[in-house]
Amino acid sequence: MQATIHYPSTTLKPHRDESLAGGHAWIFSGALQQPPHWVKAGGLLDVKSATGQFVARGYYNPQTDIAIRILTRNQDEMIDAEFLRQRIRRAVALRSVFDPAITNAYRLLHSEGDGLPGLVVDRFGDILVVQIQTAGMEQLRPQLIEALVQETQATGILVRNDSTARRREGLEVEEPVVVSGEVPEQVAIRENGVQFLVDPWHGQKTGFFLDQRDKREALRKYAHGKRVLNCFSYTGGFSVYAALTNPETRVTSVDVSAPAMEVARQHFTLNGLDPAQHEFVTADVFDYLEEAQRNGELFDVVVLDPPAFAKTKDARGQALKAYRRLNTLAMQVLQPGGILLTCSCSGVVGMDDLLGILSQSARHRGVQLLETYTHGVDHPTNLAMPETVYLKAVFCRVAGDL
Ligand code: SAH
């Protein structure tokens with residue numbers, strides 16, 4: 001039996017425990033009767049209602065608008081290695097939907113969606129890439145790494161705390177560091193049976209955009225024998241899926257990053273495709289689309305997967321304009337009856353916003369909404385926190401005559 005630990009506590013203002021009771025996992029500083037200056041940044045604490053009842057246990061940061069992130073609502077649950085192991089086991093169980101012979105790369109832990117706020121862990125075959133985003137999770141780092149080693153059979157764990165977003169939490173931006181086993185420069189993965197190479201050390205984010213797996217799969221049915229334009233292609237995820245559908249399919253990949261474009265070519269070869277049959281363009285997508293439109297070029301399928309145009313609420317207005325411009329340009333290079341897959345990974349741009357942008361871009365073009373997606377099963381969302389859905393994706397058909 002483990003000894004019960006007593007955590008320091010803080011008290012909410014009256015009625016401020018209602019959203020927590022509904023399952024939400026954040027407490028904003030304004031909801032606290034007084035800032036708990038007796039708890040250090042990242043420290044664990046109990047949250048009590050105005051009437052003194054235990055509500056939840058979490059960690060605190062005086063520097064951020066979200067003062068407390070909840071880890072458990074069970075007063076008997078200690079925040080220790082066993083707690084972390086249980087959360088990891090629960091997350092591993094969800095990912096058993098993936099047959100490792102077909103898909104061996106997925107997000108293993110998705111922050112609040114898996115009950116571990118401030119933590120992202122991506123699995124690439126036998127390798128794990130960890131991102132610690134909050135001061136509270138940073139405090140749990142030693143137990144966390146130990147729990148990951150015990151529960152995942154990973155042969156190597158890389159901690160990539162190189163995001164500048166860590167500064168908002170008062171954390172250092174670090175160089176990538178191996179904390180267990182060995183982590184090679186390049187890891188070969190399978191996603192829906194398609195082969196990719198991931199650079200866990202230097203690739204964008206954790207090395208590969210796992211949140212597009214289900215949209216890449218969904219794209220296949222539209223791509224057979226078609227002319228496909230993949231904008232913001234990175235290392236060619238959507239491109240390879242499309243090209244594999246049919247020897248007649250022709251794919252143009254466009255990204256501003258020359259190294260990403262080089263890896264995209266390698267991905268074609270790795271999957272038995274001849275890169276010479278396809279086009280790889282290192283360019284700004286806006287410039288590329290404008291020129292394509294001027295030249296009267298037309299595609300059957302266009303994919304738009306831009307980086308987040310808005311990272312904060314203040315940037316939202318400008319971002320909406322950029323999305324509108326981008327989607328308008330994309331529709332102008334689509335054949336009548338063509339398919340547009342458009343995505344937004346800006347947290348502050350909702351699905352309604354994206355649909356609004358599409359309909360403004362469409363004008364008289366007669367656009368049919370076909371399918372909508374978020375981030376897929378390995379990026380679960382706490383249902384009480386719909387604002388944490390960051391990725392929205394829409395397939396539509398530009399029919400031309402509605
Ligand atoms: N679709 C990709 C992920 C895209 S991430 C996949 O499935 O893996 C966004 C990409 O946009 C990055 O590779 C980045 O290099 C690229 N990018 C950002 N701004 C750009 C611009 N203005 N023009 C072209 N590419 C851009």
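Along the sequence shown, the residues carry numbers beginning at 1. Order of listing sets the numbers, starting from 1, for every ligand and every atom in it. Side chains included, hydrogens not; waters and symmetry mates left out as well; all remaining heavy atoms used.
The residues lining ligand 1, counting any heavy atom closer than 4.0 Å, are Gln204, Phe209, Arg216, Phe232, Ser233, Tyr234, Phe238, Asp255, Val256, Ser257, Ala283, Asp284, Val285, Asp305, Pro307.
Remark: Arg227 is positioned above the aromatic ring of Phe299, its terminal NZ or CZ atom under 6.0 angstrom from the ring centre and at most 45 degrees off the axis. In this structure, Arg95 fails the cation-pi test against Tyr106, since its NZ or CZ atom is not both closer than 6.0 Å to the six-membered ring centre and inside 45 degrees of the ring normal.
Under the 4.0 Å criterion applied to side-chain N and carboxylate O atoms, Glu172 and Arg167 are not assigned as salt-bridge partners. Using a 4.0 Å cut-off between charged side-chain N and carboxylate O, Glu169 and Arg166 make no salt bridge.
For Lys221, the NZ atom counts as densely surrounded, since its 6.0 Å shell holds more than 12 non-hydrogen atoms of other residues, nucleotides or ligands.
Partners of Thr374 according to the side chain to side chain donor-acceptor pair (under 3.5 Å) rule, which considers only residues two or more places apart in sequence or in another chain, do not exist here.
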